[in-house]
Protein chains: 2
Amino acid sequence: MASLALQTAEFSAPTQRKASIDREDIIAAALSLLGPHRSVSSLSLREVARAAGIAPNSFYRHFRDMDELAVALIERAGLSLREIIREARLRATTSPSIIRSSIEAFMELLEGDKKYLQILLAEGTVGSDAYKAAVEQVLTYFEQELQEDLIRLSTEANAPLHRPDLVSKAITRMVFAMGGNALYKPADERREIGAQMMVMVRFLMEGSETLYKLEGPG
Amino acid sequence: MASLALQTAEFSAPTQRKASIDREDIIAAALSLLGPHRSVSSLSLREVARAAGIAPNSFYRHFRDMDELAVALIERAGLSLREIIREARLRATTSPSIIRSSIEAFMELLEGDKKYLQILLAEGTVGSDAYKAAVEQVLTYFEQELQEDLIRLSTEANAPLHRPDLVSKAITRMVFAMGGNALYKPADERREIGAQMMVMVRFLMEGSETLYKLEGPG
DNA sequence: CACCTGTCTATACAACTGTATATATGTGTG
DNA sequence: CACACATATATACAGTTGTATAGACAGGTG
């Protein structure tokens, strides 16, 4: 867990506080190294230490492993993404607009914090078990949150869904897959991909509604 | 060493064997190294050479790069997958059954030739540009082929589709994303994921048909 | 036969990796 | 002040990496 992440440095006299390197700084250094050709799992401990301006061995004071760093990065990325989507959800309350604004928020994030997204999108299937499990957990969280939204909104709209769990899973996996693909593409292509996502999500929603009429909730 | 495994050693003349190492052997060696924790992009040249039973430098006689090897692996995997799916398509000619049998074929492949699939599913977003482009090309091929099927079948069934290009893209990306996720999971989970895929594809098909009624072909 | 030519190997090198060990340096407590 | 302590560092080591260079051996051609 992010044990020391929130500790406020002010007012703390009891223990010694050094203005030295922080977990945060190491995470930032690792982020700075990411790019279209550099994945988290391709970073070396020494490389990160170098970017953070510390000796290789100092790394061990903050993380046991590169793997532990990777998991921390994933959790951070998940948190960041979660906040963005939550904002989008709060702004929109009707079924079509919540989808639109969520995807727009997602694509905006893709413009800006590419690094965070890359961690979740592009590397969920390589790396250690802990690594994969952390990504999976983030995705599952999104699925559950989306499912709640879907059920609430479809009930309000009187357009119930067949297997809303699978609708949310399909949307999540598809958006992440398409997003990972769009990550480092030129802006106009990204916009095109965003538009495609919208249609695909509509397919899923309409399909689920239709199947509800044919077969019930499932 | 394992390199000579397939050649019959009996009757061997005192002279060195004519049958020397092949691109094929190197590809096989690379495949043998893949696994849940070893991705293509994490293999080293020396490692592959070692597994192939050749000197590191001999590698260069067959590939310029590890990157070139990776592309060769991707193409081979694409070819293999393509054949499997083609068989499935030939066996089934009606709309629902072609989906079912294609996904079943896909999941069967996932039981067997995991290595091939991993190359396409799990690593399309990491690696060099050539690497990514090769994966993208394979995916695009599948999309196009699937789209032709969808148009033909939906016309026959008198159930035309809205944006069949996006239907096939959505199906392809989703199946690959879900497949990559299922790759090294236990058999019962994999079966469950296969069942989920079927429902998701039905969502997409039904949704596209519904949207056609509302908005036409798009 | 001698002579290329293509393929393999052996050796070598500089760069890099993760980490074990020992050392320096500043901080808080007795 | 002296001490212990947490933190940073420097040095070192054994292993790996990609690849440059040079030599060994075969087959085909003159």
Side-chain angles (χ1 to χ4, degrees), chain A residues 3-5 7 9-30 33-34 37-72 126-128 130-131, chain B residues 1-7 9 11-30 33-34 37-72 126-128 130-131:
Chain A
S3 53
L4 304 177
Q7 113 182 346
E10 54 175 351
F11 185 69
S12 66
T15 61
Q16 82 281 346
R17 61 189 163 85
K18 293 194 58 178
S20 63
I21 276 306
D22 200 339
R23 274 176 76 105
E24 213 62 29
D25 301 297
I26 296 183
I27 288 180
L33 292 171
L34 296 183
H37 301 299
R38 305 289 283 130
S39 68
V40 174
S41 50
S42 82
L43 298 180
S44 78
L45 184 150
R46 285 181 108 109
E47 203 174 359
V48 173
R50 212 178 303 133
I54 60 175
N57 262 325
S58 297
F59 181 93
Y60 294 115
R61 299 278 159 191
H62 307 282
F63 300 95
R64 180 208 316 267
D65 254 346
M66 278 298 294
D67 235 70
E68 196 174 297
L69 207 210
V71 170
V126 214
S128 70
Y131 197 122
Chain B
M1 224 174 276
S3 64
L4 305 176
L6 292 184
Q7 59 187 203
F11 194 69
S12 65
T15 67
Q16 190 100 8
R17 307 193 200 332
K18 165 76 183 342
S20 65
I21 276 306
D22 198 337
R23 273 176 77 105
E24 215 61 29
D25 301 297
I26 297 183
I27 288 179
L33 292 170
L34 296 183
H37 297 144
R38 305 288 285 130
S39 68
V40 174
S41 49
S42 82
L43 297 181
S44 78
L45 184 151
R46 285 180 108 108
E47 205 173 358
V48 173
R50 212 177 302 133
I54 60 174
N57 263 325
S58 297
F59 181 93
Y60 294 115
R61 298 282 157 191
H62 307 282
F63 299 96
R64 180 208 317 267
D65 256 345
M66 277 299 291
D67 235 71
E68 198 174 295
L69 208 209
V71 170
V126 215
S128 71
Y131 197 121

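By convention in this document, chain letters (A, B, ...) are assigned in the order of the sequence lines, proteins followed by strands, and residues within each chain are numbered from 1.
- One distance of note links CG of Leu45(B) with CG of Asp67(B); it measures 11.5 Å at 0.5 Å rounding.
- Side-chain proximity of Ile21(A) to dC8(C), dA8(D), dT17(D): nearest is dA8(D).
- Counting heavy atoms from C-beta on, the side chains of Leu69(B) and Met66(B) come closer than 4.5 Å.
- In this entry the distance linking CD1 of Ile26(B) with C1' of dT7(C) reads 12 Å, nearest Å.
- Note: CG (Leu45(B)) to C1' (dA20(D)) measures 14 Å, nearest angstrom.
- Under 4.0 angstrom from either OP1 or OP2 of dT9(C) there lies at least one side-chain N or O belonging to Ser58(B).
- With sequence neighbours excluded, no residue forms a side chain to side chain donor-acceptor pair (under 3.5 Å) with Ser58(B).
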Between N or O atoms, less than 3.5 Å apart, protein on one side and nucleotides 20-24 of chain C on the other: list the pairs.
{"unit_1": "dA20(C)", "atom_1": "N6", "unit_2": "Asn57(A)", "atom_2": "ND2", "d": "2.3"}
{"unit_1": "dT21(C)", "atom_1": "O4", "unit_2": "Asn57(A)", "atom_2": "ND2", "d": "3.1"}

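- Atom P of nucleotide dT17(C) and atom CD of Glu47(A) are separated by 6 Å, given to the nearest angstrom.
- Residue His62(A) places no side-chain N or O under 4.0 Å from the OP1 or OP2 atom of dT7(D).
- Between Arg23(A) and Ala72(A), the shortest heavy-atom distance links the atoms NH2-CB, 4.1 Å.
- Following rounding to the nearest Å, Phe63(B) (CZ) and dG18(D) (C1') show an atom-to-atom distance of 17 Å.
- In this structure, the CZ atom of Phe59(A) is 12 Å from the C1' atom of dT19(C), given to the nearest Å.
- Distance OH/Tyr60(B) to CD1/Ile54(B): 11.0 Å, rounded to 0.5 Å.
- The CD1 atom of Ile54(A) sits 19 Å away from the P atom of dT25(C) (whole-angstrom rounding).
- For the salt bridge (charged side-chain N to carboxylate O under 4.0 Å, His left out) condition, the pairs that include at least one residue of residues 45-64 of chain A, sequence neighbours left out, are Arg38(A)-Glu47(A), Arg64(A)-Glu68(A).
- Residues meeting the side chain to side chain donor-acceptor pair (under 3.5 Å) test with Ser44(A), sequence neighbours left out: none.
- Counting only heavy atoms from C-beta outward, the side chains of Asp22(B) and Ile27(B) never approach each other to under 4.5 Å.
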Response to the item:
Encoded 5' to 3' (Watson-Crick or G-U under 3.5 Å; [ ] crossing; | other strand), DNA chain C becomes ||||||||||||||||||||||.|||||||

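- In this model, the phosphate group of dT17(C) is not approached by any side-chain N or O of Arg46(B) to a distance below 4.0 Å at OP1 or OP2.
- For the pair Leu43(B) CG and dG18(D) C1', the computed distance is 15 Å after rounding to whole Å.
- Proximity of Arg50(A) to the phosphate of dT17(C): a side-chain N or O atom is located under 4.0 Å from OP1 or OP2.
- A residue-by-residue look at Ala55(B) and Asp65(A) shows that Ala55(B) has its nearest nucleotide of DNA chain C further toward the 5' end.
- Qualifying side-chain contact (heavy atoms from CB on, under 4.5 Å) partners for Ala70(B), counting only residues two or more places apart in sequence or in other chains: Val40(B), Tyr131(B).
- Here the C1' atom of nucleotide dC16(C) and the CG atom of Leu33(A) are 15 Å apart, to the nearest Å.
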